[in-house]
Amino acid sequence: MSSSLDQRTAPAPGGPRPAPLPRRTRAYALPEVRWALAALGLFLLALPPYLLDGPAWLWGTLFAAAYAAGGWEPGLEGLRALRERTLDVDLLMVVAALGAAAIGQVLDGALLIVIFATSGALEAVATARTADSVRGLLDLAPATATRLLADGSEETVDAGSLTVGDTVLVRPGERIGADGRVVGGTSEVDQATITGEPMPLAKETGDEVFAGTVNGTGALRVRVGRDPSDSVIARIVRMVEEASRTKAPTQLFIEKVEQRYSVSMVLATLAVFAVPLAFGDDLTSALLRAMTFMIVASPCAVVLSTMPPLLSAIANAGRHGVLAKSAVVMERLGQVDAVALDKTGTLTEGAPRLTAVRPLPGTGLDDDALLRLAASAEHPSEHPLARAVVGAARERGLVTAPADAFTATPGRGVTATVEGRRIELGSPARLLPEAHRVPAVREVEEAGCTAVAVLRDGEPVGVLGVADRLRPDAAATVAALTRLTGRAPVLLTGDNVRAARRVAGLVGITDVRAGLLPEEKVAAVRAWEAEGRRVLVVGDGVNDAPALAAAHCGVAMGRAGSDLALETADAVVVRDELAAVPAVVALSRAAHRLVVQNLVIAGVCIAVLVAWDLFGTLPLPLGVAGHEGSTVLVGLNGLRLLRSTAWPRPAGS
């Protein structure tokens, strides 16, 4: 019932752009959803007359229509698999439903059809949503770019028609149209979509920039270094598509067992019918014994051993803010034995915060006075660092003074007149000739923070430290994941090494991989998978999406997560609580234990009933009752995970 991701190629140079694809596929547009809704509606219409002893022709017709609406597609897929000499679970479900109807269990069979059709519809919706997000990712790269000609004039061209060596002009606030290097101008570029770095980076001549990143307040001239079809954004699209296509086909454990069991059951049923008949038994007796055997040996209880615990776990996780997209996902979460965590937006909150205020000796300023001076000068600025400084001043209840003659220079900082004094804030490397010799600058930078120098009338008066704030439950989450998997998580981030090591040290991570592009994150995940590890990747950004798709299981942080990350991930932490990650892993393992219990219960019941039928005389009604009883028993056992107490206590609670 699954469908592959749609393909989209870059337009040919100079050719027309393809028509824009829809950003989001409507669920009702998918045939799987329409048939599942039809089956559910017919089932609900048939239920009242059936339960109230209405006319059989009415509820019989409605149930038959429900069977047809929900079962024709999986039945067809099962027949195609049978033609390839494979006994597909789709066909088994349809046969089981028809078998239930044949012995008078019409309601049970219809319910099985509806559940199976709904599962297929949910899978189709999830696949379509992922395809929509992959297509939407291409919108990060602008449709047009301003190309500079040899005579100094400008022309607006299709971004897909740019070639290596072209020079483009990127105005303030525009998205950069191609990967390349700056050949003129200075600005600050927000690269969060590519590297995950929480703060814009200063760019000047010689620095590399990426398509789809956002230019700041300065103008840049960029020489194109890669064909648009080979840009980092385009490679992310291809990696997500490839990972989604080549990820090992997911099957529930019971589906793997069911293949062999079902073939054996079919052969055994034929033998139970044919052998007594060959030795002189009458046709009616042999047929009745074979039918009873088929009923008591059918895999209904075995199939239901898996779904109730996993569906209950999904429901319980949903109540606690974790959306697992399928029963397969819930099963896979408990199998992980290695964890890779992103930094920005995952271990941290994804927004810069003021972490240090260092007045220099002899300036006559204390912490509050220095912060008030800096916040007054930064107040008109929209830069993330400026907002962090102003926000910290407000939290301390400081009242800022008016700023006159405010100017912001990309890559350097801001200048303003505050209470008659000229105040400058910016990079110590640009404002202080020997910044590395200033102890306060060294202290702040060695702590993994971004240092901001503060000058008054040209003289340094202090240093501020700004960093992405750690989530309160980050350290407890890392410890809980370490206990669950037996090894400490790994930090995979596109941020700089110093900032990554600072965060890793605070949460107890020793293996740090920093400065990674999306393809390097994928390479790391695939290397661990090749070693036999089942890797759980937790991230939130566009740059994490390929790794989320390639991992054994991917979890996205929901509040600030990009659309692509949310749709590519197997599960989403909707409430943005990092501690929910180890909790849902533990819940998955609890579900697995219940599955094993159910398989034991189902296996014992089947063995007893089969032995009774083969070596004695098992009445058909008693066989049906025993079979249905074991089915109900395993179903009720699985529903235990619906209790609130089944949710593991989050790390650090």
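Side chain of Glu520 to main chain of Leu517: a donor-acceptor pair is present (N/O by atom type, distance under 3.5 Å, no hydrogens or angles). Remark: side-chain polar atoms of Arg353 are not paired, donor with acceptor, to backbone N or O of Val466 under 3.5 angstrom. The main-chain N or O of Asn316 is found under 3.5 Å from a side-chain atom of His320 such that the two form a donor-acceptor pair. Although no hydrogens or angles enter the test, the distance criterion places a donor-acceptor pair under 3.5 Å between the side chain of Arg471 and the main chain of Gly345. Thr213 contributes no side-chain N or O that, together with a main-chain N or O of Val189, makes up a donor-acceptor pair within less than 3.5 Å. The closest donor-acceptor contact from the side chain of Ser588 to the backbone of Gly334 lies under 3.5 Å. Between the Arg175 side chain and the Ala211 main chain, no donor and acceptor come within less than 3.5 Å of each other.
Comment: Arg358 engages Glu443 in a salt bridge, judged by a side-chain N to carboxylate O separation of less than 4.0 angstrom. Under 4.0 Å is where a charged nitrogen must lie from a carboxylate oxygen, and between Asp570 and Arg332 no such pair does. Ion pairing between Glu208 and Arg226 holds under the 4.0 Å rule for side-chain N and carboxylate O.
The distance from atom NZ of Lys343 to atom CZ of Arg502, rounded to the nearest 0.5 Å, is 7.5 Å. Within the model, atoms OG1 of Thr477 and CG of Leu578 stand 4.0 Å from one another, a figure rounded to the nearest 0.5 Å. Within the model, atoms CG of Leu347 and CD1 of Ile509 stand 5.0 Å from one another, a figure rounded to the nearest 0.5 Å. Note that the CG atom of Leu641 and the CD1 atom of Ile314 stand 11.0 Å from one another [nearest 0.5 Å]. Taking CG from Leu464 and OG1 from Thr450, the interatomic distance works out to 11.5 Å, rounded to the nearest 0.5 Å. Remark: Leu310 CG to His592 NE2 distance equals 10.0 Å, nearest 0.5 Å.
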**Request:** With side-chain contact (heavy atoms from CB on, under 4.5 Å) as the test, would you mind laying out the steps for Val555 and Leu333 before giving the verdict?
**Result:** CA-CA 9 Å; Val555 175; Leu333 279 166; 4.1 Å; yes
**Request:** Test side-chain contact (heavy atoms from CB on, under 4.5 Å) on Met557 and Val538 and set out the steps.
**Result:** CA-CA 7 Å; Met557 304 301 292; Val538 186; 4.1 Å; yes
**Prompt:** Under the side-chain contact (heavy atoms from CB on, under 4.5 Å) criterion, do Asp540 and Asp342 qualify, and how do the steps go?
**Reply:** CA-CA 8 Å; Asp540 72 313; Asp342 176 46; 3.1 Å; yes
**Asked** Does the side-chain contact (heavy atoms from CB on, under 4.5 Å) test come out yes or no for Thr355 and Val444, once each step is laid out?
**Response** CA-CA 9 Å; Thr355 58; Val444 169; over 6 Å; no
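The side-chain heavy atoms of Val512 and Val497, taken from C-beta on, include no pair separated by under 4.5 Å. At a threshold of 4.5 Å between non-hydrogen side-chain atoms, the residues Leu594 and Arg640 count as touching. With a 4.5 Å cut-off on side-chain heavy atoms, Ile176 and Phe210 do not count as touching. Using a 4.5 Å heavy-atom cutoff, the side chains of Val222 and Arg181 are not in contact. Looking at Thr344 and Glu349, their side chains never come closer than 4.5 Å, going by heavy atoms from C-beta outward. The shortest side-chain heavy-atom distance between Val537 and Val535 falls under the 4.5 Å cut-off. Looking at heavy atoms from C-beta onward, Trp528 lies in side-chain contact with Val490 at the 4.5 angstrom threshold. Two residues are said to be in side-chain contact when any heavy atoms from C-beta on lie closer than 4.5 Å; Thr348 and Val503 meet this criterion.
Val525 and Ala551 make their closest contact through CG1-CA, 3.8 Å (heavy atoms, listed as atom of the first residue, atom of the second, distance). Smallest separation of non-hydrogen atoms from Ala583 and Trp647: CB-CZ2, 3.4 Å. Here the closest non-hydrogen pair linking Pro518 and Pro546 is CB-CG, 4.2 Å. The shortest heavy-atom contact between Leu492 and Ala524 is CD2-CB, 4.3 Å. The two residues Pro582 and Ala480 have their closest heavy-atom pair at CB-CB, 3.7 Å. Ala547 and Val522 get closest at one heavy-atom pair: N-CG2, 3.6 Å.
The side-chain contact (heavy atoms from CB on, under 4.5 Å) test with Leu484 singles out one residue from Asp337, Leu536, Val585, and that residue is Val585.
Side-chain N/O atoms of His552 and Gln335 include a donor and acceptor closer than 3.5 Å.
With sequence neighbours excluded, no residue forms a side-chain hydrogen bond (donor to acceptor under 3.5 Å, both in side chains) with Arg501.
Screening residues 592-603 for salt bridge (charged side-chain N to carboxylate O under 4.0 Å, His left out) gives no qualifying pairs among residues at least two apart or on separate chains.
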